[in-house]
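Working notes, beginning with the structure itself.
Hydrogens, waters and symmetry mates play no part in the numbers below; they use all other heavy atoms, side chains included. Chain naming here is simple, since letters A, B, ... match the order of the sequence lines and numbering starts at 1 in each. Small disclaimer: the values here were computed from a predicted structure and weren't measured.
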Protein chains: 2
Amino acid sequence: MAARPPVVEFALTVNGNDAYPAPGARNEQLPRAVTAVGLTAVIVAVTDETPRILSVRSVTPERGDGAGGDALPFGPFDPEQHRTLDSGLRRLVAEQTGLDVRYVEQLYTFADKDRHPDERAGGSRLLSVAYLALTREQPVSGSGDVHWCDWYGFLPWEDWRFGHPACIDDPIRPTLLRWIDAADDAGKRRGREERAGICFGLDLAPWDPVRVLERYELLYETALVGEAPRNRSNSAAAALPGAAMAFDNRRILATALGRLRGKLAYRPLVFDLLPGEFTLFRLQRVVEALSGQRLHKQNFRRTLAANALIEPTGRMQSEGRGRPAELFRFRRAVLRAKPTAGVAMPTLRPAP
Amino acid sequence: MAARPPVVEFALTVNGNDAYPAPGARNEQLPRAVTAVGLTAVIVAVTDETPRILSVRSVTPERGDGAGGDALPFGPFDPEQHRTLDSGLRRLVAEQTGLDVRYVEQLYTFADKDRHPDERAGGSRLLSVAYLALTREQPVSGSGDVHWCDWYGFLPWEDWRFGHPACIDDPIRPTLLRWIDAADDAGKRRGREERAGICFGLDLAPWDPVRVLERYELLYETALVGEAPRNRSNSAAAALPGAAMAFDNRRILATALGRLRGKLAYRPLVFDLLPGEFTLFRLQRVVEALSGQRLHKQNFRRTLAANALIEPTGRMQSEGRGRPAELFRFRRAVLRAKPTAGVAMPTLRPAP
DNA sequence: CCGATTTATGCTCTCATTGAGCATAATAGG
DNA sequence: CCTATTATGCTCAATGAGAGCATAAATCGG
């Protein structure tokens with residue numbers, strides 16, 4: 001186990017600011033309790049019909065305060081080195097993983113108190129800007145124990161490609177029912193019932209693949225039912241089905257998956273996860289992997305053709321059985337053409 | 001003019017962190033050049049068919065470095081006082097404006113270098129988390145010169161309710177054409193042509209109300225054509241049509257408008273801008289004000305009815321001329337029911 | 001009081017999109 | 001040759017969105 005580094009003290013000079021027009025606060029200074037700013041990356045690739053994210057294994061696996069297990073690549077944002085957050089993130093990813101990232105998008109900024117255990121003692125606050133990054137899968141060459149993990153290992157209820165996920169029937173539904181029953185009055189109970197129904201498509205509403213974050217937050221909330229008060233909020237995350245992750249990293253994963261699924265429908269992001277040439281079937285498999293549901297093959301291709309998203313290369317791929325498929329490439333032109341050029345994201349279909 | 005407050009020095013103790021799993025950076029400390037964190041609020045209301053944002057008039061209007069003119073409400077994020085960014089923002093808005101904000105959503109985190117002029121001297125970096133907040137219009141009671149401004153005063157090319165905006169024909173189109181011609185080779189020229197066409201719907205693509213940020217960034221980029229090199233990047237913002245704003249505040253406005261327009265279509269946000277009871281016509285006017293385009297009245301109402309977004313109160317409103325309209329209220333139930341319950345956002349229609 | 005104007009509201013028609021299924025073609029493997 | 005597997009073309013029905021017609025109920029200016 002690594003030696004704990006010494007507590008570091010450093011001084012900071014901040015200019016008071018009379019030019020910034022914050023009335024009523026004009027002569028106040030910038031905040032006294034300074035916040036440390038970090039970057040967190042959700043780096044995504046898809047191989048063999050499995051969506052994967054890049055994870056870092058912690059040295060101290062079972063500390064019990066959320067620091068154990070896998071964690072997302074993270075690093076400080078150094079304003080002296082980087083002119084923008086984006087460039088800071090690209091540098092961070094390059095250093096930690098050696099990956100060539102093809103697409104980068106800011107997701108959300110997290111700064112909740114106690115999201116990092118060391119904050120409690122230190123007094124400073126850790127604010128972290130989360131990013132989504134897409135890449136073709138490739139070996140990682142970074143320093144440290146970095147590796148690809150199945151995304152659905154952390155959010156198993158999100159994968160409907162092989163039918164109704166088992167964990168919904170077993171741990172999730174009973175927990176939700178207990179949570180519903182634990183409501184004070186009938187009105188509140190009805191409200192909880194509706195919320196659960198919508199999130200998990202239990203009755204009225206159909207399953208909406210995009211509502212990943214809502215589902216995660218509902219599960220996080222309900223996992224506390226019947227547990228010890230709220231002394232260790234990380235115990236909620238640990239009680240969820242699926243593999244645990246450090247701190248609030250699973251929440252970030254959920255944010256990323258929801259955003260990616262939503263954007264798939266109107267932006268041609270998939271192609272940043274694919275090699276330059278691919279069969280239509282492979283493209284479909286990648287979309288299915290990300291959206292977590294099966295697609296109707298003919299309709300999928302019809303949408304591709306209608307949007308002119310792809311163009312044939314003329315070459316054929318003949319490995320494996322079945323009729324050989326033509327190889328296609330992405331038509332870069334559509335990046336600048338259609339306002340909304342995405343691949344189909346239909347409602348859930350029954351398993352084949 | 002307010003006296004410039006003295007430079008403040010303060011010390012900060014940060015715990016080094018051996019538990020946080022950033023491999024290869026494990027024994028590094030948190031960033032040395034600490035970033036100051038602020039919150040910026042885009043507070044929106046709609047009156048008399050005009051979308052308005054809350055603005056703060058600067059004390060030093062014409063400094064020439066971007067500090068002059070209007071600015072968005074801004075304040076430091078104090079991690080000692082606030083457990084979350086959201087609560088910090090609500091407090092900030094309450095203090096500076098006295099408004100009762102009904103909806104709050106994080107937009108984006110801005111940290112580009114030189115976005116704030118005082119950074120250059122001070123050495124610290126200002127990172128600001130921008131928020132969108134919706135409210136019913138009401139008098140502001142905050143300390144300082146806070147007032148409502150027409151949103152389209154800052155982004156005049158976004159309002160198509162009264163036909164093709166004049167500023168597109170006069171300053172914008174010629175500037176774009178010059179920018180296209182200034183491209184090095186034919187391929188690049190074609191690319192620029194396409195980009196401009198898509199953003200402003202010049203030829204092939206229709207006008208997409210949601211692409212507010214893309215348009216702003218294109219204008220910001222092209223406004224530099226034919227100007228002095230790039231010593232003062234704020235000159236680009238000043239050269240744009242529409243009223244200027246401090247720093248990168250117009251970019252934040254564009255981000256907010258795009259996000260709001262996009263979400264209107266699948267989330268019932270409008271009702272946070274309306275009183276408890278309203279006529280369907282008023283509701284339509286508010287949606288038109290935000291989307292910047294006219295809607296087909298019958299189809300608009302059909303969508304409302306189909307989604308069961310509203311319910312009649314039985315009361316009638318009879319002021320002004322014309323047949324009195326029935327008053328409706330928002331059906332709160334749909335907040336939890338339909339996955340996508342928004343109001344119609346059709347493609348652009350010719351002016352009436 | 002009348003007619004012009006303004007707003008509310010109901011209904012229809014058409015076209016594009018999309019979910020779903022049928023049918024056929026081309027390959028590998030036994 | 002027969003079967004499994006994948007590719008690909010085509011049709012059909014339901015839905016939703018854009019556009020327009022028609023009618024009802026009020027105000028306003030004579």
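Picking from dT27(C), dA19(D), dG19(C) the nucleotide with the shortest atom distance to the side chain of Pro324(A) gives dT27(C). Looking at the side chain of Ala325(B), the nearest of the listed nucleotides dC11(C), dT8(D), dA8(C) is dA8(C).
Heavy-atom minimum distance, Ser291(A) versus Tyr152(A): C-OH, 4.1 Å. The two atoms that bring Gln293(B) and Pro209(B) nearest to each other are NE2-CG, 3.5 Å, heavy atoms only.
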Enumerate, atom names and distances included, each donor-acceptor pair closer than 3.5 Å involving a side-chain atom of residues 253-260 of chain A, sequence neighbours excluded.
residue: Thr255(A); atom: OG1; partner: Arg251(A); partner atom: O; Å: 2.9
residue: Arg259(A); atom: NE; partner: Glu105(A); partner atom: OE2; Å: 2.8
residue: Arg259(A); atom: NH1; partner: Leu107(A); partner atom: O; Å: 3.3
residue: Arg259(A); atom: NH2; partner: Gln106(A); partner atom: O; Å: 2.9
residue: Arg259(A); atom: NH2; partner: Leu107(A); partner atom: O; Å: 3.4

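Distance Arg282(A) CZ to dT6(D) C1': 16 Å, rounded to the nearest Å. Atom P of nucleotide dA8(C) and atom CD of Gln284(B) are separated by 9 Å, given to the nearest angstrom. In this entry the distance linking CG of Leu304(A) with P of dG9(D) reads 13 Å, nearest Å. Atom CG of Leu295(B) and atom P of dG18(D) are 9 Å apart (whole Å).
Annotation: side chain of Pro156(A) is in contact with side chain of Cys167(A) (closest heavy-atom distance under 4.5 Å).
Summary for the helix from dC1(C)-dG30(D) to dG30(C)-dC1(D): the axes at its two ends, each from 5 pairs, differ by 10° when rounded to the nearest 10 degrees.
Between Phe278(B) and Phe330(B), the ring centre distance reaches or exceeds 6.0 Å.
A sub-4.0 Å separation between OP1 or OP2 of dT9(C) and a side-chain N or O of Arg301(B) is present. OP1 and OP2 of dT9(C) both lie 4.0 Å or more from every side-chain N or O belonging to Lys297(B).
The side-chain hydrogen bond (donor to acceptor under 3.5 Å, both in side chains) contacts involving residues 269-283 of chain B comprise Glu277(B)-Arg315(B), where partners must be two or more places apart or lie in separate chains.
Map Arg302(A) and Arg323(B) each onto its nearest nucleotide of DNA chain C; the residue landing nearer the 5' end is Arg323(B).
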